[in-house]
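Right, one structure below, let's go through it.
One is the number of the first residue; the rest follow in order along the sequence.
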Amino acid sequence: MAVLIGTSEYQDTRFTALPTADNSLEGMWQILTEDELCGWPARQVKKLSNESDNRNLGVKLTKWARKTTGVFLLYYVGHGIPGEHGPCLTLSDTQWEHTEHTGLDYGHIRRALLDSPAKVKIVILDCCFAGRAAAPSLSGESLDAAGIKGTYVLAAADHVAHVPHDQDAACTSFTGELLELIRNGISEVNGDLTLDDIYPRLRTRLRELNLPEARCRGTDTAGTFPFTRNAAHLPGPPLERFPQGSQQQASGDIPHQTAHDTRQEREPTQGAVPAVPRRRRSWRRWSGVAVAVAVLASAAAYGLTRPDGPAPTCGPTAGTPALPGGAVVIASDQDADPEDQLIADIYRDALQVNGVTVDPNITLSLRAAYYDQVCSGAITIVPEYNGALLTTSVNQGSTAVTTSAVDNALDQDLPPSMEVLDAAQAQDKDSVTVTAATAARYHLRSIADLAKVAGKLSLGATVEFNGREQGTAGLKSTYGVAFGVITPLDYDEDSHAGVTALLDHEVDAADVFTTDPAIKADHLVVLTDPKALFRAENVVPLVYKPALEADPAIEPVLNYVSLRLTQPRLLALNAEVAQKGASADDLNAIAAAWTAAYLGTS
């Protein structure tokens, strides 16, 4: 996760306004999210402009840092003043005479870094006295590096940082030169640019322009982290690939390249919507964010550089808002099993019987499309699974596993126009499942019970399950369970491949989804997961938030559906679908009967 903070406007007029901070903040965001350069998914980059309330900001930084396990990046641009533990970063409500109480002291940032499990922690400070974060202390260690592994600090100046005279057109000098260096690349370096590649060239550029000397300090091998693709070896001239506007002159006739005008929005990439893996197969869900997973897995070795991959965009271009005044529009995932459409039918029927105006037709869509459409209001409600929603569309690097942790992460990171309501007790998630005979023979109730016997048993799962943390690696590290044989199964050809393999005695245990109707029909035993190895996948309504204000009946009705949607009831629904059929008419009839039996008018 990257957190970019810029302060350009101040309530206390003794701090001069810094329009260059806006340009620098926007320029850094564009570099990080540019697919050909740093390639961060936009949803992994928090851009905070003119923040106030240092306590609230400190809490947010701490939360974000604690839940990041791969790469955590913090960038700040604005006024800096000497602080007790390094620079004190000013916010829009910082008071000139009480900066230590109203600014963000670097000590708070340092504590957040110490608490973070991230393998790589990058801090870029563009403000006066930023060098204090990288300066040696009396013990010889930097204030930041002491005790913090995998950290790299890049600071603009030891004392006064440089700001061009033409503030409306330019970035700050430090950020402007850094961005220009990244946009043009370094021809003599082969491959991606690491932080150790960037810093000496940046320092040389600043010296040649008579600008303040930058500072850096790194621990372990953080400097070898590949920060960006090397633009010098990409096809085409840099100015054509990454247009930046016209060049400006900084003070002292120093040429300075500008970032994009902050008033212009970054245009989404045009083209076909990428194929999205089916939600029901959790390892296929993860394959859609393969690079984000690889960053977490390989950050210690710094073998992979960026959390690349398409991320859904969210904004008014995604669709025409259906509210206010229109009927509630409900969608479901067209590429998932009938369970999604059945739950969507239940949502529709429950709302209708409680007086909410609902479009009777369920819209079939894909997550890459419907996530944006809920964000913009074109779709009002979608039945989702909280873990899949979090790690596919909202925060690909999240390590939240339990229901409460996943829901808290969604509450924190969903766009302001979206909300998840109460989670149902019912979950459709991975499990280690065995036959009743195997459970009785080896006295198996939980995954932990496998530890003594797994070595002589076989496990059937997808190829991706083998070696993953929410797979065989996690089984071993969390429970000490290592199966003697791993048998790859093709769930694309047969969505019930795990059950088939169990019943055909091809494997002793299998990865089976917890709402598979065969669990009940064939008396299979789902081993409990007391240490929460597998991420929660509770059924939750994803809702366009303004709809809740337009019609106050929506929220209590959907929450009541979630309350009644228990695991046994969802299993029974899926068994009924398997018995009666999965056509639209079948699903409508099953949903209507369930709604009449369990809901009525709430």
Can you measure from CG (Leu558) to CG (Leu421) and round to the nearest 0.5 angstrom? 6.0 Å

Compute whether any side-chain donor of one residue and acceptor of the other, for Thr433 and Ser431, lie under 3.5 angstrom apart. yes

Just how far is it from atom CG of Leu48 to atom OH of Tyr76, taken to the nearest 0.5 Å? 12.0 Å

Donor-acceptor side-chain pairing of Tyr371 and Glu384 below 3.5 angstrom: no

Given Asp413 and Lys46, is the side-chain contact (heavy atoms from CB on, under 4.5 Å) satisfied, shown in steps? CA-CA 10 Å; Asp413 289 341; Lys46 307 285 185 183; 3.1 Å; yes

Can you find a side-chain donor-acceptor pair between Asp428 and Thr515 that sits under 3.5 Å? yes

Looking at every heavy atom in both Asp422 and Ser562, which two are closest together, and how far apart are they? O-OG, 3.0 Å

pair Thr102-Asp12: side-chain heavy atoms closer than 4.5 Å: no

Rounded to the nearest 0.5 Å, what's the gap from CG on Asp529 to CD1 on Ile447? Could you check? 4.0 Å

Working for side-chain hydrogen bond (donor to acceptor under 3.5 Å, both in side chains), residues Gln44 and Asn395: CA-CA 6 Å; Gln44 290 293 298; Asn395 182 353; 2.9 Å; yes

So, Glu26 versus Ser49: side-chain donor-acceptor pair below 3.5 Å or not? no

Kindly compute the distance separating CH2 (Trp594) from CG (Asp349), expressed to the nearest 0.5 Å. 10.5 Å

I'd like to know whether Ile122 forms a side-chain contact (heavy atoms from CB on, under 4.5 Å) with Tyr75, so could you lay out the CA-CA distance, the side-chain angles of the two residues, the decisive distance to 0.1 Å, and finally the verdict. CA-CA 8 Å; Ile122 303 167; Tyr75 167 81; over 6 Å; no

